[in-house]
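Please read the structure below before turning to the comments.
Start at 1 and go down the list; that is how both ligands and their atoms are numbered. Computed over heavy atoms, backbone and side chain alike; hydrogens, waters and symmetry mates excluded. Position 1 is the first residue of the sequence; numbering continues from there.
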Amino acid sequence: MAPMSRDLSSFKRIVIKVGSSLLVDHGEGRIREQWLKALTEDIGELAKNGTEILIVSSGAIALGRNLIGLGKGHLKLEENQAAAAAGQIVLSGAWNKMLGKSGLTAAQILLTLGDTERRRRYLNARNTIANLLRLGVIPVVNENDTVATSEIRYGDNDRLAARVASMVSADCLVLLSDVDGLYSKPPEMGGGELIREISQITDEIRAMAGSAGSELSRGGMTTKIDAADIAVAAGAHMLITSGHKLHPLREIAGSGSWFIPKATPVAARKKWIAGSLEPRGSIIIDDGACQALKSGNSLLSAGATAITGNFHRGDAVNIVDVKGNILGRGLTAYDHKDAENILGVKSSEIEAILGYAGRTELIHRDDMVLKQEN
Ligand code: GLU
């Protein structure tokens, strides 16, 4: 795809990160309603055409500091936390109202670093977001700044947005910002040429990012390059572009800097499963399930005959046939105790046995790598 012709309708699941300096009026510390209205109209158009959209929105602190009279200038951690608490409620309200006008339903998700870095919480957050998307709801995500202290916070929504894109296997991340993209000279030097496409994040690219960040937004160009690192490793395209347009998403063709991944999100995820995880046990499956897996299906509990090891939901396990051959590896949707109880059981009977409605699949096909795929 040539960069000039790349438009957002070719992607299936897009994370759109909106910076504080676009959303909040610098002077008055209020939401820029007209701008948000146009953006949510663009989002409505994409959603109508079947694109799944997630929003990562900054602005809680920029809005809240004005509301509770903290004025301009540097804030202490506890002031930031208080400002975020007051601002977040206004921020969510604005998204809710404006997305509603475009016929969409918003859902607020506040995340802390632990929610994307710790396995169990990660899976919970991922499931909730996946359910919302399935139901056609637009998740509006921000960092939970009121409980995040300096050691346990992202501090910038660029990286948070990239983690979210990776968590939900989005194929595109758009950073709407107050800059046009990455220039060949660092922002503090000015000048240089807009780099339209980056297929490798080299030291030279990092040097171009410099270290600037404006008063209202925390992320300078360096955090955007860090975000690109995370996004492309997860198989997502990433665009840095200016949001200072009448219709920020409609006018995207030919603008900004695109970072190009080497693989699709599914392939990137499979590579991670195959290469980076230590199996915690195994699931032994019958011949019917072996055939089903080889034809590209998920592993259902009905096809599992035994397990070994003490594994938790989300851990990697080996998938083994009855002769003991390792067929591949996958992330299990059940803890070993629950898996033991549903061996040979039909998916429709799982809830009655375990007392909760877990996943239909013991291992989903997107969470599985078979040996011949390697
Ligand atoms: N989470 C912060 C807020 O809502 C924004 C961080 C950022 O600007 O990247 O105010």
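With a heavy-atom cut-off of 4.0 Å, Asp145 touches ligand 1 through its side chain alone. By the criterion of a heavy-atom distance under 4.0 Å, both the backbone and the side chain of Asn157 are placed next to ligand 1.
The shortest N/O to N/O separation between Ala60 and ligand 1 falls below 3.5 Å. Any N or O atom pair closer than 3.5 Å counts here, and Ile61 shares at least one such pair with ligand 1.
At least one donor-acceptor pair closer than 3.5 Å links the side chain of Thr305 to the backbone N or O of Ile284.
For Arg159, the salt bridge (Lys or Arg N to Asp or Glu O under 4.0 Å) partners are Asp156, not counting sequence neighbours.
Between Tyr356 and Tyr334, the ring-plane angle classifies as tilted under the 30° and 60° cut-offs.
Atoms of ligand 1 lying under 4.0 Å from at least one heavy atom of Asn142, given by number and element, are 1 (N), 3 (C), 4 (O). Interface of Gly59 with ligand 1, defined as ligand atoms under 4.0 Å from a residue heavy atom, comprises 3 (C), 4 (O), 10 (O). Counting the atoms of ligand 1 from 1 in the order shown, those under 4.0 Å from a heavy atom of Ser58 are 4 (O), 5 (C), 7 (C), 8 (O), 9 (O).
Using a 3.5 Å distance cut-off with no hydrogens or angles, the side chains of Asp7 and Ser9 do pair a donor with an acceptor. Counting only N and O atoms by type, the side chains of Gln88 and Ser92 include a donor and acceptor under 3.5 Å apart.
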Residues 343-350, side-chain donor-acceptor partners within the protein, below 3.5 Å, at least two apart:
{"unit_1": "Ser347", "atom_1": "OG", "unit_2": "Thr360", "atom_2": "O", "d": "3.2"}

